[in-house]
**Q** 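Let me give you the structure first, and then I'll get to my questions.
Model, not experiment: these values are computed from the prediction.
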Amino acid sequence: MTITEKKYSRIQFISNGHGRGTMDEISELLKKRREKIDSLKADGIDLYPNDARVGETTAAISERYGQMTPEVLEMVTERFTVAGRLMAVRDFGKGAFISIQDRKGRLQAFLRKNQVGERAFALFKRLDIGDIVWLAGRVFKTRTGELTIDVEENGLRLLSKSLRSLPEKWHGLTDIEIRYRQRHLDLIVNPEVRKVFHQRSRIISLIRRFMEERDFLEVETPMMQPKAGGAVARPFKTFHNALGINLFLRIAPELYLKRLITGGLERVFEINRNFRNEGISTFHNPEFTMMEFYQAYATYEDLMKMTEELFVFVAQNLFDSLRFNYQGKEIDLTPPWRRLTVRDAIVEIGGVERTVVDDGVRMADHARKLGIEVKRSDPPGKVLMAIFDETVEKNLVQPTFITHYPVDVSPLSRRNAEDPTLTDRFELYVCGKEIANAFSELNDPVDQRGRFEMQLREREAGDLEAHEMDEDYIGALECGMPPTAGEGIGIDRLVMLFTDSASIRDVILFPLLRTRDE
RNA sequence: GGGUCGUUAGCUCAGUCCGGUAGAGCAGCGGACUUUUAAUCCGUUGGUCGCGGGUCCGAUUCCCGCACGACCCA
């Protein structure tokens, strides 16, 4: 056994017991289960049959019969078949209550020796919590009023044998590391975790419906790109052997989606993963899900309205309300949401004097006072946004649109008609976090080339996140892209908000964790 | 990258301050029990105390380093 294997032996007992290690290294529990398996096999019992047919879910039965009185239930002669994981056993010798769990919930069953028969009852006695079983029988209500399956003769089958003991029934699984690394256990024993992922699916489904109702076409664009464009972030790099070229996992689909707008699709959206080679936190996972959409002949102001409508649509369908709690704070989505320019926000919310905000030199001094590192090469817009991040962001609890971003930090946004140093752009903040970013798109290829050149200068000055020159994209713009507005919405953060989750890892089934060397 | 905290039985946790190689509940195993639901009752197995090093007669405990995780900061 190497040092690294030894190091994680605690985890390995529950993460990899299949044939790994000798018998004296594995836990007593695992040993007992293996003995049990051998004896079941010896008696000719198939541990993993696949011919069982399941008629009902536990929830369907509960919904139909849960409200009926015991007397009425006695007249129900229908026979039901269900399957699920054995979660609890309350054994009385010649009878026993068991609970099984399927994708919809739990249901109790009652096994009576003189009804199910010797053979089935003997099988029951050798089952373990965690096994997958099949049940058949009628419904009745117990003395305490719980709807229960009265298992019929031979109405119990083993469908899959579990070799591991499940986490404790009362406290469940709370070790966060095991919860993330072995999500299957988390899902088996923690119903609230299952609920979050059901809600996640529902939210995405609602978003999709909202977009389709507005005649947006769902598309898929490359995840592997020769140039990682469309956002300001560091990419993951990979290599294609046959072509012999470097590729990057996309940091955004933006430039491809806008090519589709140029191609005449006019309204497109994509819900998919982006990859950013950055730190991990409760709000950042290296791969995360984003919806981006683009609408020709719309402006960023149209998108503010549409964003409000989208959030309202999701909240209404999810909660039947526009108010909900996030981490102890009540959020109210009732439109219209507050709109503030970056500068006004820094003055009104950040408490910085307007004279400072309007003066490049004083602004840099102020930034340094806040502990921000300012380089001589940093454009004023970048300094302004650093001050914004420091003084404003965390205070934007209720949904707020921040508008009029500096052109320096918006290489793909259309310039504002009145002030060409600003762009027609907004970001949406809720609970101190950026949820969406949108702008009227820059469709002037000459201006776009100039913006890319500006980014190149920043890259040369050491900014690894600065955008690259993308001649192909400029070529597409040169064909004429209609006036368009586009938006990206961080789906994980949106789901966090709607499910009251404190960490992004609670809304991603398999968040990235450090691997362990073998 | 920095700080704080954590890692003890399959799971949930005590114990460690003040050094003498560990306890509980659940699960498991044996037994009783045909309306329980954290079933109950009797009995019982199970641990290189995350890993490595140091101090010491002796380290789960003290010191140093490392790994992994959580939170905060950058």
**Q** Going by ring pair (Phe, Tyr, Trp, His ring centres under 6.0 Å), name the residues that satisfy it together with A:F97, two or more places apart in sequence or in a different chain.
**A**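 Testing A:F97 for ring pair (Phe, Tyr, Trp, His ring centres under 6.0 Å), a comparison that skips the adjacent residues, returns A:F110.
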**Q** Determine whether a donor-acceptor pair (one donor, one acceptor, N or O, separation below 3.5 Å) exists between the side chain of A:R143 and the base of B:rU35.
**A**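 No, the side chain and the base share no sub-3.5 Å donor-acceptor pair.
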**Q** Quantified in whole Å, what is the C1' atom distance between nucleotide B:rA39 and nucleotide B:rG23?
**A**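 Result for the C1' pair: 25 Å, nearest Å.
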**Q** If B:rC71 has a Watson-Crick or G-U wobble mate with both distances under 3.5 Å, name it; if not, just say none.
**A**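 Partner of B:rC71: B:rG3.
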**Q** Quick one: side chain to side chain donor-acceptor pair (under 3.5 Å) partners of A:R106, sequence neighbours excluded?
**A**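 A:Q101.
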**Q** If a pair satisfies salt bridge (charged side-chain N to carboxylate O under 4.0 Å, His left out) and one of its residues is in residues 120-138 of chain A, list it, with sequence neighbours excluded.
**A**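 Those involving residues 120-138 of chain A are A:R33-A:D128, A:K36-A:D128, A:D43-A:R126, A:D91-A:K125, A:D128-A:K161, A:D131-A:K161.
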**Q** Let's test your reading of the model: under 3.5 Å, does the base of B:rU12 pair with the side chain of A:T174 as donor and acceptor?
**A**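 Flag unset: no donor-acceptor pair detected.
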**Q** Determine: side-chain N/O of A:R90 to OP1/OP2 of B:rA39, distance under 4.0 Å, yes or no.
**A**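 Indeed, a polar side-chain atom of A:R90 lies that close.
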**Q** Encode nucleotides 28-34 of chain B as B, S and - characters from 5' to 3', where the letter depends on protein heavy atoms closer than 4.0 Å: B to the base, S only to sugar-phosphate, - to neither.
**A** SS---BB
**Q** Suppose we screen for side chain to side chain donor-acceptor pair (under 3.5 Å). Which residues come up paired with A:T499, at least two apart in sequence or across chains?
**A**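 Here the qualifying residues are A:S501.
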**Q** Could you check how far CG of A:L166 sits from C1' of B:rG10, rounded to whole Å?
**A**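 Nearest whole value for this atom pair: 10 Å.
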**Q** Does any N or O in the side chain of A:D500 come within less than 3.5 Å of the main-chain N or O of A:Q327, such that one atom is a donor and the other an acceptor?
**A**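 Indeed, once roles are kept as given, a pair shorter than 3.5 Å links the two residues.
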**Q** Considering only heavy atoms and no angle criterion, is a donor-acceptor pair shorter than 3.5 Å present between the side chain of A:E146 and the base of B:rU35?
**A**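 Answer no: no donor N or O sits under 3.5 Å from an acceptor.
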**Q** Which value, in whole Å, describes the distance between the C1' atoms of nucleotides B:rA67 and B:rC51?
**A**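 Result for the C1' pair: 7 Å, nearest Å.
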**Q** Considering only the C1' atoms, how many Å lie between B:rC71 and B:rC33, rounded to the nearest integer?
**A**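 These two C1' atoms come out 49 Å apart once rounded.
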**Q** Can you tell me if the side-chain N/O atoms of A:K141 get under 4.0 Å from OP1 or OP2 in B:rU35?
**A**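 Indeed not, no polar side-chain atom of A:K141 lies that close.
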**Q** Rounded to whole Å, how long is the line connecting atom CD of A:Q182 with atom P of B:rC68?
**A**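 Atom CD in A:Q182 sits about 17 Å away from atom P in B:rC68.
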**Q** Determine which nucleotide pairs with B:rA39, using a 3.5 Å limit on both distances of a Watson-Crick or G-U wobble pair.
**A**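 Base-paired to nothing in any strand shown.
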**Q** Suppose we define a pair by two distances each less than 3.5 Å, Watson-Crick or G-U wobble; what does B:rC26 pair with here?
**A**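 Its partner is B:rG10.
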**Q** Test A:D175 against A:Y180 for side-chain hydrogen bond (donor to acceptor under 3.5 Å, both in side chains), laying out the working first.
**A** CA-CA 9 Å; A:D175 184 314; A:Y180 295 151; over 6 Å; no
**Q** Using the P atom as the point on both nucleotides, what is the distance between B:rC68 and B:rA59, in whole Å?
**A**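 Going atom to atom, P in each nucleotide, I get 28 Å.
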**Q** Please identify each residue that fulfils side chain to side chain donor-acceptor pair (under 3.5 Å) with A:T403, with sequence neighbours left out.
**A**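 Listed in chain order: nothing, the list is empty.
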**Q** Return the 5'-most residue of the pair A:K169, A:G172 with respect to RNA chain B, ranking by each residue's nearest nucleotide.
**A**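 Nearest nucleotide further toward 5': that of A:G172.
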**Q** For B:rG46, give the paired nucleotide (Watson-Crick: N1-N3 plus N6-O4 or O6-N4; G-U: N1-O2 and O6-N3; both under 3.5 Å), or none.
**A**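 Base-paired to nothing in any strand shown.
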**Q** Could you tell me how far B:rC11 sits from B:rG20 if I compare only their P atoms? Round to whole Å.
**A**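 Looking at atom P only, B:rG20 and B:rC11 are 26 Å apart.
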**Q** Between residues 55-72 of chain A and RNA chain B, which residues have a heavy-atom gap below 4.0 Å?
**A**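 Listed by number, there are none.
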**Q** Checking contacts here: which listed nucleotide (B:rA27, B:rU12, B:rU36) is nearest the side-chain heavy atoms of A:T148?
**A**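 Within the option list, the nearest is B:rU36.
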**Q** List the atom pairs, donor and acceptor, that lie under 3.5 Å between side-chain atoms in residues 371-390 of chain A and the rest of the protein, sequence neighbours left out.
**A**
{"unit_1": "A:D378", "atom_1": "OD2", "unit_2": "A:K375", "atom_2": "N", "d": "2.9"}
{"unit_1": "A:K382", "atom_1": "NZ", "unit_2": "A:E458", "atom_2": "OE1", "d": "3.4"}
{"unit_1": "A:K382", "atom_1": "NZ", "unit_2": "A:D463", "atom_2": "OD2", "d": "2.8"}

**Q** When rounded to the nearest Å, what value does the distance between C1' atoms of B:rC66 and B:rU7 take?
**A**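 Roughly 14 Å separates the two C1' atoms.
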**Q** How would you list, by chain and number, every residue that makes a side chain to side chain donor-acceptor pair (under 3.5 Å) with A:R457, sequence neighbours excluded?
**A**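 Result, side chain to side chain donor-acceptor pair (under 3.5 Å) vs A:R457: none returned.
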**Q** Partner lookup for B:rU21, please. Criteria are Watson-Crick or G-U wobble with both distances under 3.5 angstrom; report none if nothing qualifies.
**A**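 Answer to the pairing question: none, since B:rU21 forms no Watson-Crick or G-U pair.
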**Q** Has A:Q199 got a side-chain atom pairing as donor or acceptor with A:V495's backbone, closer than 3.5 angstrom?
**A**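 Here the side-chain-to-backbone pair does not exist.
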**Q** If I pick the C1' atom on B:rG46 and the same atom on B:rG6, what distance separates them, to the nearest angstrom?
**A**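 Each nucleotide's C1' atom is 25 Å from the other's.
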**Q** Can you check the A:Q108 CD to B:rU36 P distance for me, whole Å?
**A**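 Roughly 10 Å, once rounded to whole Å.
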**Q** Round to the nearest Å and state the distance from A:H284 atom NE2 to B:rG1 atom C1'.
**A**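 These atoms are roughly 16 Å apart.
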**Q** What distance, rounded to whole Å, do you find between the two C1' atoms, one in B:rC13 and one in B:rA27?
**A**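 Pairwise C1' distance, B:rC13 against B:rA27, rounds to 14 Å.
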**Q** Rounded off to whole Å, could you give me the CD-to-C1' distance for the A:E373 and B:rG1 pair?
**A**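 The distance from CD of A:E373 to C1' of B:rG1 comes to 13 Å, rounded to the nearest Å.
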**Q** Backbone N or O of A:R362 within a donor-acceptor pair of the A:H366 side chain at under 3.5 Å?
**A**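 No: the side chain of A:H366 does not pair with the backbone of A:R362.
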**Q** Rounded to the Å, how far apart are A:H171 NE2 and B:rA14 P?
**A**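 So the two atoms are 11 Å apart, to the nearest Å.
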**Q** Going by the rule salt bridge (Lys or Arg N to Asp or Glu O under 4.0 Å), which residues pair with A:R234 if we only count those two or more places apart in sequence or in a different chain?
**A**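 A:R234 satisfies salt bridge (Lys or Arg N to Asp or Glu O under 4.0 Å) with no residue once adjacent residues are dropped.
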**Q** Which letter, B, S or -, goes with each nucleotide of nucleotides 69-74 of chain B from 5' to 3', with contact meaning a protein heavy atom under 4.0 Å?
**A** SSSS--
**Q** Under the salt bridge (Lys or Arg N to Asp or Glu O under 4.0 Å) test, which residues partner A:D358, sequence neighbours left out?
**A**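 A:D358: salt bridge (Lys or Arg N to Asp or Glu O under 4.0 Å) contacts with A:R343.
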**Q** Can you spot which of A:D150, A:L147, A:V76, A:I149 makes a side-chain contact (heavy atoms from CB on, under 4.5 Å) with A:F140?
**A**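 Exactly one option meets the side-chain contact (heavy atoms from CB on, under 4.5 Å) with A:F140, and it is A:D150.
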**Q** Using the side-chain heavy atoms of A:T142, tell me which of these nucleotides is nearest: B:rU12, B:rU36, B:rA39.
**A**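 Looking only at heavy atoms from C-beta outward on A:T142, the closest nucleotide is B:rU36.
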**Q** In whole angstrom, what separates A:E168's CD from B:rA24's C1'?
**A**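 Distance, rounded to whole Å: 12 Å.
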**Q** What contact category does A:F140 fall into here, base, sugar-phosphate, or nothing, at under 4.0 angstrom with non-hydrogen atoms?
**A**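 The answer is base, as A:F140 lies within the cut-off (heavy atoms under 4.0 Å) of a base atom.
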